[in-house]
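Here's the structure we're looking at; comments come further down.
Nothing here was measured: the structure is a model prediction, and the numbers come from that model.
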Amino acid sequence: MKAWAEAANLWEEFVVLREKLKRQGVSANDAWVRAAQMLAPDGWGEPPVMAEVEDQVGEGGGGAAPPVSPDLPHGRVVDGAPAEVFGGKKVATVRVVEWVASNMQVSDVGPGDAPSSEAWGMLVWARRSPVNESQFWGSIYAKLLPSRSAIEAEQRYSDDGARVEDLADRLLRMREGLEQQPEAN
């Protein structure tokens with residue numbers, strides 16, 4: 001964001017706006033995203049008219065800041081998507097959580113890539129703030145992980161194939177040994 005703001009010659013305005021948002025109680029991380037969204041809501045590109053930004057934030061730092069949305073590709077901000085994008089698809093909660101975990105850091109994922117509206121909603125929510133992301137990894141995703149006793153039990157019953165390979169080798173040697181012996185009449 002800093003590189004964009006400097007390239008667009010908006011760094012000073014960005015910092016002022018970000019600091020106003022922080023004084024309004026917006027977290028530092030969210031203030032960065034909101035300031036960039038307010039300066040260039042259509043993709044962090046063209047410099048906005050500063051009076052419009054002032055109207056959104058307010059002169060003295062009072063007033064509500066715009067809602068936080070995750071930063072998606074090309075600076076587009078999308079919380080929801082039309083219902084037809086999801087086509088009424090429903091998937092198991094485990095699959096939803098796995099999909100969110102797999103796509104948390106993927107920058108070009110969009111609503112159409114989600115297996116369901118629940119998955120997209122959870123990804124949007126988890127990306128919305130560091131607290132949400134922490135809660136996702138620490139509570140939601142952690143519940144999918146097997147317990148230590150389950151891992152140990154699985155290891156007891158797992159077969160790495162070594163015994164089967166050993167048996168196959170022995171059988172092949174026996175077969176070769178039989179084929180090499182001359183036939184008795």
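Partners of Gln135 under the side-chain hydrogen bond (donor to acceptor under 3.5 Å, both in side chains) rule, at least two apart in sequence or in another chain, do not exist in this structure. With sequence neighbours excluded, no residue forms a side-chain hydrogen bond (donor to acceptor under 3.5 Å, both in side chains) with Asn103. For Ser116, the side-chain contact (heavy atoms from CB on, under 4.5 Å) partners at least two apart in sequence or on another chain are Val91, Val96, Glu118, Ala119.
Closest approach of Asn29 to Pro130, counting heavy atoms only: ND2-CG, 2.7 Å. Across all their heavy atoms, Phe14 and Ala35 have their closest contact at CE1-CB, 3.6 Å. What you find for Val109 and Val106 is that their closest heavy atoms are CG1-O, 3.5 Å. For the pair Trp125 and Asn132, the tightest heavy-atom approach, listed with the atom from each and the gap, is O-ND2, 2.9 Å.
Residues Leu21 and Arg18 have side chains not in contact (no heavy-atom distance under 4.5 Å, counting atoms from C-beta outward). Annotation: side chain of Asp166 is in contact with side chain of Arg170 (closest heavy-atom distance under 4.5 Å). Looking only at side-chain heavy atoms (C-beta outward), Tyr141 and Val100 stay at 4.5 Å or farther from each other. Residues Leu17 and Glu13 form no side-chain contact, since every pair of their non-hydrogen atoms from C-beta on lies 4.5 Å or further apart.
At a threshold of 4.0 Å, the pair Lys22-Glu19 counts as salt-bridged, since one of the basic side-chain nitrogens sits closer than that to a carboxylate oxygen.
Residue Met122 is not grouped with residue Val131 when hydrophobic side chains (ILVMFWY) are merged at heavy-atom distances under 4.5 angstrom, including chains of intermediate members. In this structure, Leu172 is not a member of the same hydrophobic cluster as Leu167, with clusters built from ILVMFWY side-chain heavy atoms closer than 4.5 Å.
Distance check, rounded to the nearest 0.5 Å: CD of Glu133 to CG of Leu123 gives 10.0 Å. In this structure, CZ in Phe136 is found 4.5 Å from CE in Met104, a value given to the nearest 0.5 Å.
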**Request:** Determine, step by step, whether Val94 and Glu98 satisfy the side chain to side chain contact (heavy atoms under 4.5 Å, CB included) criterion, reporting the C-alpha distance in whole Å, the side-chain angles of both residues, the deciding distance to 0.1 Å, and the verdict.
**Result:** CA-CA 6 Å; Val94 170; Glu98 288 172 342; 3.7 Å; yes
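Asn9 CG: 12 or fewer foreign heavy atoms inside a 6.0 Å radius.
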